[in-house]
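Quick one: the structure is below, and I'll ask about it shortly.
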Amino acid sequence: MILQQSVSLKPYNTFGIDAKCHYFVQLQQRDDVEKWVAMQQQSHNSFFILGGGSNVVFHQWIEKSVVKVSLRGIETVKEDAVHVWIKAAAGEIWSNFVTFCIEIGWGGVENLTDIPGTVGAAPVQNVGAYGVEAKDVIETVECIEIATGQWKKLTNAKCQFGYRDSIFKQAFKNQYIITAVTFRLTKKPNLQLSYGGISSRLEREGIEQPTIADVSRVVHSLRINKLPDPALIGSAGSFFKNPIVTHDKHAVLLQHYPDLVAFPLAKSFKIAAGWLIEQCGWKGKQFGRVGVYPQQALVLYNLGGCTGEEVRQLANAIQQSVKAKFDIDLEPEAIFIE
Ligand code: EPU
């Protein structure tokens with residue numbers, strides 16, 4: 001366990017915000033996790049568990065202890081003729097894990113190529129892209145209850161996964177530390193190509209029988225055209241969730257806006273938040289050191305040295321104008337940490 005005081009969080013959040021925290025704790029092995037949990041039970045300090053920092057906006061000075069889960073390791077747990085079960089430690093970088101699976105030829109996470117963050121953060125907000133969500137491949141989540149020090153292995157059903165949601169954002173919020181995730185992957189590809197232009201891109205390339213490596217490559221190229229490269233530009237990916245509205249609300253919207261971008265769900269519609277934000281005139285706008293990404297209005301990005309407060313002000317202004325024009329509440333996907 002590494003304990004530090006007065007640490008800059010700039011390397012630990014993909015927005016690149018140069019906030020500082022009083023106490024920074026790095027948990028590097030299972031033993032560290034148990035030790036920190038025991039310390040926490042004595043001190044009851046307020047804390048924030050940090051994964052890859054790809055979904056957070058830090059305020060300038062964080063009073064809470066920031067606890068970074070840095071456990072590493074990927075292992076095969078079991079396999080049969082069709083599936084393979086892989087356990088990855090929470091601190092593994094998600095995209096490294098995806099690359100590892102693709103190089104071996106195990107399918108299931110190829111659509112989730114290039115998502116920033118760590119393996120341990122994936123179940124918390126059930127990361128998703130191009131028609132696949134982490135919940136589709138997660139078998140179990142290993143975690144420790146902070147109040148009791150008890151280890152638990154939650155099944156997929158127990159995690160209560162939803163759109164960018166899970167029990168770890170609801171009833172278990174701030175009560176557990178995730179240390180590892182076991183995924184069930186396929187030995188023979190079961191490709192999901194219908195979403196977001198994957199199949200049309202493959203057709204254009206003349207690829208009739210794509211491999212998981214082909215799909216991963218296409219997802220990579222679709223993403224670099226729309227989303228900022230995390231190595232060059234600070235952002236938190238999609239800043240807001242796509243709002244879900246009723247059939248009635250959708251019908252009313254469609255009357256006023258025939259070019260509305262919406263996807264039907266079982267009993268509702270998911271509206272493209274990027275479209276709503278663009279319609280309000282925000283796309284490509286810059287405000288001081290923070291902007292709305294020119295290729296994807298759902299992404300707020302750092303023009304260099306922005307603060308959490310600047311991001312919050314822009315996010316609030318966007319929410320207000322979407323509310324005023326469409327009567328829709330946009331919910332941030334990113335979380336603000338004070
Ligand atoms: N659109 C616009 N203007 C914009 C952006 C989008 O009109 O500025 C419309 C377009 O019609 C576009 C549609 O919205 O076709 C959907 O956009 P896109 O395919 O980029 O997907 P998204 O719904 O904006 C979601 C995820 C992304 C994920 C993509 C691809 C959420 C909040 N975001 O974005 O996830 O990569 O689908 O599957 O669900 C993330 O969570 O950080 C993230 C990047």
Side-chain angles (χ1 to χ4, degrees), residues 54-57 111-112 115 121-138 156-173 192-200 222-223 226-227 235-283 285 292-293 295-300 311-336:
S54 60
N55 209 32
V56 290
V57 177
N111 294 43
L112 306 179
I115 292 185
V124 177
Q125 60 149 351
N126 181 25
V127 295
Y130 297 97
V132 173
E133 291 181 327
K135 74 166 174 52
D136 302 330
V137 282
I138 290 175
N156 182 302
K158 279 265 162 59
C159 293
Q160 297 175 13
F161 290 121
Y163 168 55
R164 297 294 191 274
D165 198 22
S166 76
I167 196 164
F168 300 105
K169 283 180 91 174
Q170 305 295 337
F172 282 13
K173 190 173 173 183
Q192 165 64 263
L193 308 176
S194 57
Y195 193 96
I198 298 181
S199 56
S200 53
L222 290 169
R223 287 183 72 102
K226 280 190 185 179
L227 300 170
S235 90
S238 299
F239 199 87
F240 300 99
K241 294 186 194 177
N242 286 326
I244 315 263
V245 302
T246 61
H247 272 263
D248 290 352
K249 172 77 184 175
H250 175 255
V252 172
L253 284 169
L254 207 54
Q255 260 181 355
H256 290 91
Y257 307 99
D259 56 346
L260 175 75
V261 180
F263 308 94
L265 303 175
K267 291 180 184 151
S268 50
F269 279 89
K270 193 188 261 186
I271 311 287
W275 183 87
L276 296 172
I277 297 168
E278 183 174 353
Q279 296 302 306
C280 292
W282 292 102
K283 197 169 182 171
K285 291 268 168 69
V292 181
Y293 199 58
Q295 279 77 42
Q296 164 56 293
L298 197 46
V299 174
L300 307 188
V311 178
R312 186 204 299 269
Q313 281 175 13
L314 178 56
N316 284 348
I318 291 172
Q319 282 171 308
Q320 280 167 19
S321 72
V322 168
K323 178 75 177 166
K325 190 171 169 75
F326 298 104
D327 194 24
I328 289 179
D329 292 304
L330 280 189
E331 194 190 327
E333 188 183 305
I335 49 173
F336 291 93

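This chain uses plain numbering: 1 for the first residue, then up along the sequence.
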Between Lys285 (side chain) and Gly281 (backbone), is there a donor-acceptor pair under 3.5 Å?
yes

Can a donor-acceptor pair be found, under 3.5 Å and without considering hydrogens, that links the side chain of Ser200 to the backbone of Gly197?
yes

CG on Leu227 to CG on Leu222, rounded to 0.5 Å:
10.0 Å

In Gln125, Lys135, Gln170, the residue satisfying side chain to side chain donor-acceptor pair (under 3.5 Å) with Asp165 is Gln170

If you look at every heavy atom in Gln296 and Lys226, which pair is closest and at what distance?
CB-O, 3.3 Å

Which atom names give the shortest non-hydrogen contact between Asp136 and Gly131, and what distance separates them?
OD2-O, 4.4 Å

Is a side-chain donor or acceptor of Gln319 paired with a backbone partner of Leu330 at a separation under 3.5 angstrom?
yes

Just by modelled atom types, is the Asn126 backbone N or O under 3.5 Å from a matching donor or acceptor in the Ser166 side chain?
no

Looking only at heavy atoms, the pair that brings Pro123 and Phe168 closest together is O-CD1, 4.4 Å

Do Asn316 side-chain atoms and Gln313 backbone N/O form a donor-acceptor pair below 3.5 Å?
no

Not counting sequence neighbours, list each pair that qualifies as a salt bridge (charged side-chain N to carboxylate O under 4.0 Å, His left out) and has a residue in residues 239-253.
Lys241-Glu331

Got a second to check how far Lys267's NZ is from Thr246's OG1, nearest 0.5 Å?
13.5 Å

Do the side chain of Lys169 and the main chain of Arg164 share a donor and acceptor less than 3.5 angstrom apart?
yes

Start with the C-alpha gap between Arg223 and Tyr130, add the side-chain angles, then the distance that decides, and say whether side-chain contact (heavy atoms from CB on, under 4.5 Å) holds.
CA-CA 10 Å; Arg223 287 183 72 102; Tyr130 297 97; 3.9 Å; yes

Looking only at heavy atoms, what is the nearest atom pair of Ala273 and Asn242, with distance?
N-OD1, 2.9 Å

Is the ring pair His247/Phe269 parallel, tilted or perpendicular, if the boundaries are 30 and 60 degrees?
perpendicular

Are the side chains of Arg312 and Phe336 in contact, using a 4.5 Å heavy-atom criterion?
yes

Hey, is NZ on Lys173 packed in by over 12 heavy atoms from elsewhere, all under 6.0 Å?
no

Residues Leu265, Tyr163; criterion side-chain contact (heavy atoms from CB on, under 4.5 Å); working and verdict:
CA-CA 11 Å; Leu265 303 175; Tyr163 168 55; over 6 Å; no

Could you state the interatomic distance from CH2 (Trp275) to SG (Cys280), rounded to the nearest 0.5 Å?
9.0 Å

I'd like to know whether Val292 forms a side-chain contact (heavy atoms from CB on, under 4.5 Å) with Phe239, so could you lay out the CA-CA distance, the side-chain angles of the two residues, the decisive distance to 0.1 Å, and finally the verdict.
CA-CA 10 Å; Val292 181; Phe239 199 87; over 6 Å; no

Looking only at heavy atoms, what is the nearest atom pair of His256 and Val252, with distance?
ND1-O, 3.1 Å

Does the pair Phe240 and Val322 meet the rule for a side-chain contact (heavy atoms from CB on, under 4.5 Å), with working shown?
CA-CA 12 Å; Phe240 300 99; Val322 168; over 6 Å; no

Expected output: side-chain Asn55 to main-chain Ile335 donor-acceptor under 3.5 Å
no

For the atom pair CG (Leu300) and CG (Leu314), what is the distance rounded to the nearest 0.5 Å?
5.0 Å

Hey, what do you get for CG (Leu298) to CD1 (Ile318), rounding to the nearest 0.5 Å?
9.5 Å

Approximate separation, where rounding is to 0.5 Å, of Ile277 CD1 and Trp282 CH2
9.5 Å

Nearest heavy-atom contact between Asn111 and Ile198 is ND2-CD1, 3.7 Å

Can you establish whether the number of heavy atoms outside Lys323 located under 6.0 Å from its atom NZ is more than 12?
yes

